[in-house]
Protein chains: 2
Amino acid sequence: MAASLRQLRAYALLLQERNFTRAAAAMHLSQPAFSALIGGLEETLGVRLFDRSKRHVAPTVEGADFEPAARRVLTEFDSAIAGMHDRATLRRGRVSLALLPSLAAGWLPGVLARYRALYPGIAVDVADVLSEPCIERVMTMQADFALAAVRAETPELQAQVFCADDFHLVCRADHPLAKAPEPIRLRDLAAWPFIHLSRTSSVRQYLDAAFRPQAMDTVMEVDQLATVMGMVRAGLGISVVPALALFHFEQPEIATRPVRLPGLARRIYLVRRRDRSLSLAAQALHDMVLAERPVPVRSRRR
Amino acid sequence: MAASLRQLRAYALLLQERNFTRAAAAMHLSQPAFSALIGGLEETLGVRLFDRSKRHVAPTVEGADFEPAARRVLTEFDSAIAGMHDRATLRRGRVSLALLPSLAAGWLPGVLARYRALYPGIAVDVADVLSEPCIERVMTMQADFALAAVRAETPELQAQVFCADDFHLVCRADHPLAKAPEPIRLRDLAAWPFIHLSRTSSVRQYLDAAFRPQAMDTVMEVDQLATVMGMVRAGLGISVVPALALFHFEQPEIATRPVRLPGLARRIYLVRRRDRSLSLAAQALHDMVLAERPVPVRSRRR
DNA sequence: CGATCTTACGGGATTCGTAAACATA
DNA sequence: TATGTTTACGAATCCCGTAAGATCG
C-alpha cells in the first residue's frame, strides 16, 4: 500500500487543527472520509501518528517528528506545480534570441517593449551578432531562434523568409549622387571613393559578388555601421547599407537613396531548430516578431 | 484538477525512457493508462511536456525544465516515507532514559547491550542522575521515562512499582558485624562509626526517618557510593546501601549483610508522562526494562 | 507496413457521504 | 449527556485494461 499526497495533506491539516471534524471541513471532506485518510497513512507507515484517546487529538512522538519532512514534501510539490503553471501562463520563463545588430538596434526595441509589457516575468536574452554566430547559437541551443541573413536549411535547422531587405546608397547630402536621377544603379557608384564593411558582413559579401573588388575605389574597411556613418558624414566616401541599417544614417548631413540591384534583394530569415519545439515564452516572442516584421524604410533625398 | 504524485512518477519515468510503451511497462501499467497520466499532468500544468510527433519521444523545453523540481519532490517524498517506515520497524529512532546512578551502573548495561543488539539503529540517551532530576527530566520531556525512588503521581505523571530494593549493611570483612547472627536489625548498627551519604540520597532520607541523626555515630558524609566503598574498605566505618548498589562493594575485604528494616522496603518506580504515549523506540525499551527487572542481590558474609 | 501514441468504452477498485455505533470527560 | 471518532454500507467516481483508430517514418 503506497502513501499519497492527499494523506500527507490530511496529516498536515490535522496537525494544526488537532481536531478531525475541523480538519475534515478544511479539506471539504466528510469527517469519516478524512479519518480514513489518516488511518490509511498510519497503516502504510506502520506507525500511529495521533493519539485520539482523550478529548483533543495529539500527535504521538512519531507523528510530531514526521512534520518537517511532510511539510517539505508538500511545499516542494506545490511550488513545483505553481512554477510550471507560471510558465504555462507566461508569468515566468526565458527566451533567447539571436539577430543581426542592425535589427537589434533599429527594429527590435519596439517589439521587445511590447513583449515585456505583456510578459514582464519573462527574461529575454538578446545576442546582437552577425549572421554566422546567429546560426551557431541556434545550433548550440544558446538561442531559441534567430533572425539572420543566411538561409540555414540543414537537417537540424529550418529557415523561413522573415523580410526582404534592399540596399541603399548613403552619402553626404551635398554629394552629386544625393540628387542623381532615379534609378541609381550599382555601376553608378563604382567611380566614387567607397567605405567598405568587413568581409564577414552580408552586405560586403553581396557587393563582392557583384563587383570585382579592384573595380571599386575602396577608401577603407571598417567593422561597425556607426563608423561607416561617421566616415560618410565626414565626406570620406560613400557606402551601401541594408535598409534595416538606415536608422544609423538619419542625420541632416546625410542622404540615403535606394539602389536598384541586379538579382534578388537580400533576405532576412527566421531560423530555428527543426527537432525542438519552442518554449512557450519563445513561441510568444516568435509570434510577436512575425506579426511585427519591419516595414520597408523610405530613403531620403537631400 | 490537481496533480498527483503518480503523474510525477510517470513523468520522471518517461523522461528517462523516452518511450511510452517501455515507461508504462516499468510502471506495471498499460500504455494507454500511462498515456493518460502524462496527458493529465500536462493538462493540469497547462503545458505540453513532451513532443511525441516523431519516432522518439522528446521533452519540450518546459518538460526538461520541470525535471529537477519533479525529482526533488519524488525523492523527498520517498525518503520521508522510508524514514518513518524505518522508525516503525525500529531501525531508527531515539529513546532517552533517566535512572538512578546505581541502576545505571549495575543493572542497565546488560539490558542496554541486549537492546542495542536488537535495535542497533536506535540512539539511546541515558541520564544517570538522582531521583529528583530523574522526575524532572520526564516532566520536561527530556526523558521518555525514568526509574527513580520517588512515587511521582501527579496530573502529568504516572508511576508504577518497578522493583523493591532492600537495604544492606556494608563493612570490612573483619568487622564484628560481618559475622553477627541473623537477623541484623537497624539498632545493631547504631553503635558503630557510620559513613553517611548526602541528605539528598534516598537511602539517607530513609535512615534519617528511622533514626534521629544524633543517635548515630556519624564519621562523615560523602556524595558518591564509590567513596563510601573506599571509606568502608579502609575501616573508617560501616554503612547501609540499597541492594542495587551492592555491586560497588563486591570486593574481597568487604562483607555485605541484609538488614531487617522496620516498615516497607525502598521501592523503585517506573515513572512516565500520563498524557504522552511512548515513542516506538521508547516503548520497546520500556518493555524490555520491565521484562528484565533486577533480581534481588544476595549479600555476602565474610 | 510497422511501430507508437491516442481515443473509446466496459468492468472493477477506490473513495465518498450518510447513518449508526462507540468512547470519553 | 455532549462532543468527537470509528464502523458500516450503498453510491458515485476514478482508474485501469482491451480494442479500435490515427499518425509518422
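What you see is a predicted model; the values in this text were computed from it and never measured. Residue numbers start from 1 in every chain, and the chains themselves are labelled A, B, ... in the order their sequence lines are given, proteins ahead of strands. When reading the values below, keep in mind they use all heavy atoms of this one structure, side chains included, and skip hydrogens, waters and symmetry mates.
- Here T21(B) reaches the OP1 or OP2 of dC5(C): one of its side-chain N or O atoms lies under 4.0 Å away.
- R22(A) comes within contact range of no nucleotide atom at all, as no heavy-atom separation falls under 4.0 Å.
- A heavy-atom distance below 4.0 Å to DNA chain C is reached by these residues of residues 31-44 of chain A, ordered by number: P32(A), A33(A).
- Between dG4(D) and R18(A), no contact under 4.0 Å exists linking OP1 or OP2 to a side-chain N or O.
- Taking the C1' atoms of five terminal pairs at each end of the helix from dC1(C)-dG25(D) to dA25(C)-dT1(D), the two resulting helix axes are inclined by 30°, rounded to 10°.
- Residue R52(A) places none of its side-chain N or O atoms closer than 4.0 Å to OP1 or OP2 of dG4(D).
- Considering only heavy atoms from C-beta on, V271(A) stays 4.5 Å or farther from V150(A) through its side chain.
- As rounded to whole Å, 11 Å separates atom P of dG17(D) from atom NE2 of H28(B).
- Sorted by first and then second residue, the pairs that involve residues 32-44 of chain B and meet side chain to side chain donor-acceptor pair (under 3.5 Å), not counting sequence neighbours, are E42(B)-R52(B).
- With dT6(C), dT5(D), dC16(D) as the candidates, the nucleotide lying closest to the side chain of L29(B) is dC16(D).
- Between M27(B) and R9(B), the closest side-chain pair of non-hydrogen atoms falls below 4.5 Å.
- S30(B) comes within contact range of at least one nucleobase, with a heavy-atom separation under 4.0 Å.
- dC24(D) atom P lies 16 Å from atom CG of D275(A), rounded to whole Å.
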Given F66(A) and L8(A), is the side-chain contact (heavy atoms from CB on, under 4.5 Å) satisfied, shown in steps?
-> CA-CA 10 Å; F66(A) 190 43; L8(A) 253 55; 4.2 Å; yes
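- Rounded to a whole Å, the NE2 atom of H56(A) is 15 Å from the C1' atom of dT5(D).
- Atom P of nucleotide dC16(C) and atom CZ of F20(A) are separated by 14 Å, given to the nearest angstrom.
- Within the 4.5 Å cutoff, no side-chain heavy atoms of L49(A) are placed close to those of I38(A).
- Side-chain contact between Y119(B) and V124(B) is absent, with no heavy atoms from C-beta onward closer than 4.5 Å.
- Using a 30° and 60° split on the angle between ring planes, F145(A) and H286(A) fall in the perpendicular class, above 60°.
- Ring geometry, F162(A) versus W107(A): the interplanar angle exceeds 60°, so the pair is classed perpendicular (tilted spans 30 to 60°).
- Distance, E17(B) CD to dA3(C) P: 18 Å, rounded to whole Å.
- Residues R274(B) and E153(B) are paired through a salt bridge, judged by an N-O separation under 4.0 Å between the basic side chain and the carboxylate.
- The CG-C1' distance, from N19(B) to dA3(C), rounds to 10 Å in whole Å.
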